[in-house]
2 protein chains.
Amino acid sequence: MSAQPPVRKPRVDAERNRLKLLATAKAVFASKGMDVGLEEIAREAGFGIGTLYRHFSTREALIVQVYRNEADQLAAAAERLAIEQPPVAALRAWMLLFVEYFATKQIIAGALATMVSGRELYATSGGQITKSMTLLTDRAVARGEIRLTVEPLDLLRAVAGVANGGAGSDWEAHARAMVDILIAGLRVPGGDVPTSG
Amino acid sequence: MSAQPPVRKPRVDAERNRLKLLATAKAVFASKGMDVGLEEIAREAGFGIGTLYRHFSTREALIVQVYRNEADQLAAAAERLAIEQPPVAALRAWMLLFVEYFATKQIIAGALATMVSGRELYATSGGQITKSMTLLTDRAVARGEIRLTVEPLDLLRAVAGVANGGAGSDWEAHARAMVDILIAGLRVPGGDVPTSG
DNA sequence: TTTAAATGCGGAGGGTTCCTCCGTTTTCAA
DNA sequence: TTGAAAACGGAGGAACCCTCCGCATTTAAA
């Protein structure tokens with residue numbers, strides 16, 4: 001039964017090159033924008049375009065991997081906030097953190113927005129973010145502090161819409177303000193936060 | 001001084017072809033999605049690609065013209081609603097209408113979203129929409145029924161974010177729900193709608 | 001009606017990108 | 001050491017957007 005596939009140790013050069021490509025891609029995306037040609041990234045890393053494509057079968061695959069760390073960090077923050085803060089505060093804090101990612105790493109804005117949108121290819125990273133939002137909203141709903149008439153992710157989509165579209169210089173402030181508008185809009189009419197914690 | 005440019009009557013065939021291209025583009029965009037090649041549109045209309053480009057100097061220019069009608073209709077609706085309905089109700093109704101445009105003509109979602117986002121090229125159509133939103137929100141703010149901490153357009157950006165990103169089948173319902181979340185979030189804390197309206 | 005100028009038309013092809021394919025080179029394990 | 005498995009490089013296929021310019025059609029004047 002067991003075909004005993006001759007497991008070869010993965011070649012060290014390949015992994016080293018993969019990491020080099022990843023790092024270079026991140027740097028180049030940051031300095032030249034998200035729409036640079038992949039050939040430029042490959043050249044900058046010192047490889048041929050073929051090598052890049054063997055490691056990352058498509059442009060989107062590369063982007064996903066480059067920003068997986070960011071998604072991981074957001075997910076970790078969600079779990080921490082869920083433990084450390086009361087439900088609505090945690091939700092709000094995390095959404096503001098999401099905005100901050102748009103702000104400090106403007107470059108990845110497109111990538112984050114796509115993760116939040118319906119594209120299939122971002123399923124992995126997007127799944128992280130979906131999970132985070134669900135975790136945070138579920139708590140608040142369970143305590144009766146908010147009522148949810150949309151999917152948890154829709155809240156991020158709204159924020160991302162503001163952050164993406166804002167040509168004005170104040171888009172970050174507006175995105176933050178949008179978080180509070182959303183939170184206010186979700187609060188159940190009569191429900192004050194129970195001070196008993 | 002006056003060079004007296006010999007004004008020639010514009011050729012009728014050119015205008016006829018322009019309209020034909022516009023109609024064909026609308027149909028093809030609707031049936032095959034917004035990312036069809038322009039060559040296919042030209043062929044379907046019975047022209048060469050060169051003709052299409054003479055009339056619409058760029059892909060975006062074509063899209064803008066195709067959906068200018070839609071933007072005009074939305075603008076007209078805004079003025080009507082502003083007259084016929086109380087401020088917040090008018091604002092809500094118009095935003096729901098905006099969602100409806102996403103729903104019935106899903107295809108143009110991308111175009112509408114782009115108008116609402118910061119792209120320069122959509123300035124004309126986008127300007128219409130900005131004006132509509134400002135008209136509607138200003139009234140409600142003036143009456144003290146809502147407080148605005150974001151640009152009027154940011155509300156649409158939020159809705160568009162939901163409508164665009166929603167892969168699920170219920171995205172329209174969610175976008176509508178988002179409108180109400182936003183309205184609720186904008187309402188000034190103690191302020192009930194004056195029934196005397 | 002004829003004629004010349006102005007305008008419109010068609011589609012080959014230039015320039016970019018994304019991605020594939022396969023001969024060559026490097027690494028790993030026996 | 002050596003042979004096979006895995007990785008590399010880059011030419012080039014495919015799909016687009018858009019430009020260019022010789023040819024066809026329309027307009028206005030003779």
Side-chain angles (χ1 to χ4, degrees), chain A residues 3-25 28-29 31-67 107 110-111 114 119-122, chain B residues 3-25 28-29 31-67 107 110-111 114 119-122:
Chain A
Q4 182 125 1
V7 251
R8 257 171 98 116
K9 210 197 304 185
R11 284 172 59 157
V12 294
D13 56 339
E15 177 61 9
R16 185 177 52 226
N17 294 348
R18 202 182 66 88
L19 294 177
K20 171 80 175 172
L21 280 167
L22 229 34
T24 305
V28 174
F29 280 145
S31 73
K32 305 216 173 181
M34 289 302 286
D35 49 0
V36 287
L38 296 192
E39 206 139 350
E40 181 167 345
I41 291 174
R43 220 181 325 110
E44 179 82 11
F47 301 111
I49 184 65
T51 300
L52 188 153
Y53 269 97
R54 197 165 327 90
H55 286 295
F56 311 100
S57 60
T58 175
R59 179 193 187 76
E60 297 204 343
L62 173 62
I63 294 177
V64 168
Q65 301 242 19
V66 166
Y67 295 113
I107 309 302
T114 315
R119 308 289 233 116
E120 295 243 342
L121 290 169
Y122 288 87
Chain B
Q4 180 125 2
V7 249
R8 259 170 99 113
K9 208 196 306 186
R11 288 172 58 156
V12 293
D13 55 340
E15 176 63 8
R16 185 177 52 225
N17 295 348
R18 201 183 66 88
L19 294 177
K20 172 79 176 174
L21 280 167
L22 229 34
T24 304
V28 174
F29 280 144
S31 73
K32 305 216 173 181
M34 290 302 287
D35 49 359
V36 288
L38 295 191
E39 205 139 351
E40 182 168 345
I41 291 174
R43 223 183 321 113
E44 180 83 8
F47 300 111
I49 184 64
T51 301
L52 188 153
Y53 270 96
R54 197 162 328 91
H55 287 295
F56 311 99
S57 60
T58 174
R59 179 192 188 77
E60 296 204 344
L62 173 62
I63 294 177
V64 168
Q65 300 241 20
V66 166
Y67 295 113
I107 311 304
T114 315
R119 310 285 234 117
E120 296 241 343
L121 289 169
Y122 289 88

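We name chains A, B, ... by the order of the sequence lines, and we start the count at 1 in each one.
Salt bridge annotation for B/E40-B/R43: absent, with no cationic side-chain nitrogen under 4.0 angstrom from a carboxylate oxygen.
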So which protein N/O to nucleotides 28-30 of chain D N/O distances come out below 3.5 Å?
| residue | atom | partner | partner atom | Å |
| --- | --- | --- | --- | --- |
| D/dA28 | OP1 | B/K9 | N | 3.0 |

Report, one pair per line, the protein and nucleotides 15-18 of chain D atoms (nitrogen or oxygen only) whose separation is under 3.5 Å.
| residue | atom | partner | partner atom | Å |
| --- | --- | --- | --- | --- |
| D/dC17 | OP1 | B/R59 | NH1 | 2.3 |
| D/dC17 | OP2 | B/L38 | N | 3.1 |
| D/dC18 | OP1 | B/T58 | OG1 | 3.0 |
| D/dC18 | OP2 | B/Y53 | OH | 3.1 |
| D/dC18 | OP2 | B/R59 | N | 2.9 |

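To the nearest angstrom, C1' of D/dA6 lies 8 Å from CG of A/D13. Between the CD atom of A/E15 and the P atom of C/dT27 there is a distance of 16 Å, rounded to whole Å. The CZ atom of B/R16 sits 11 Å away from the C1' atom of D/dT26 (whole-angstrom rounding). Distance CZ (A/R43) to P (C/dT17): 11 Å, rounded to an integer number of Å.
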Verify side-chain contact (heavy atoms from CB on, under 4.5 Å) between B/Q65 and B/H55, making sure each step is shown before the conclusion.
CA-CA 11 Å; B/Q65 300 241 20; B/H55 287 295; over 6 Å; no
Apply side-chain contact (heavy atoms from CB on, under 4.5 Å) to the pair A/M34 and A/I63, showing each step before the final yes or no.
CA-CA 9 Å; A/M34 289 302 286; A/I63 294 177; 3.9 Å; yes
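No hydrogens or angles were tested; on distance alone, a donor-acceptor pair under 3.5 Å links the side chain of B/R11 to the base of C/dT7. With hydrogens and angles ignored, no donor-acceptor pair under 3.5 angstrom links the side chain of A/R54 to the base of D/dA7.
Side-chain contact between A/L21 and A/T24 is absent, with no heavy-atom pair separated by less than 4.5 Å. Residues B/D13 and B/R16 have side chains in contact (heavy-atom distance under 4.5 Å, counting atoms from C-beta outward). Side-chain contact between A/V64 and A/F56 is absent, with no heavy atoms from C-beta onward closer than 4.5 Å.
Summarising the geometry of B/R59 relative to B/L38, their closest heavy-atom pair is NH1-CD2, 3.4 Å, with the distance given to 0.1 Å. Across all non-hydrogen atoms, the minimal contact from A/V28 to A/E44 is CG2-CG, 4.0 Å. When every heavy atom of B/T58 is checked against every heavy atom of B/Y53, the shortest pair comes out as CA-CE2, 4.4 Å.
Listed pair A/H55 / D/dA7 fails the phosphate criterion, with no side-chain N or O lying under 4.0 Å from OP1 or OP2. Phosphate contact (OP1/OP2 of C/dG10, side-chain N/O of B/T51, threshold under 4.0 Å): present.
When the nucleotides C/dC9, D/dC8, D/dT27 are ranked by their closest atom to the side chain of B/N17, C/dC9 comes out on top.
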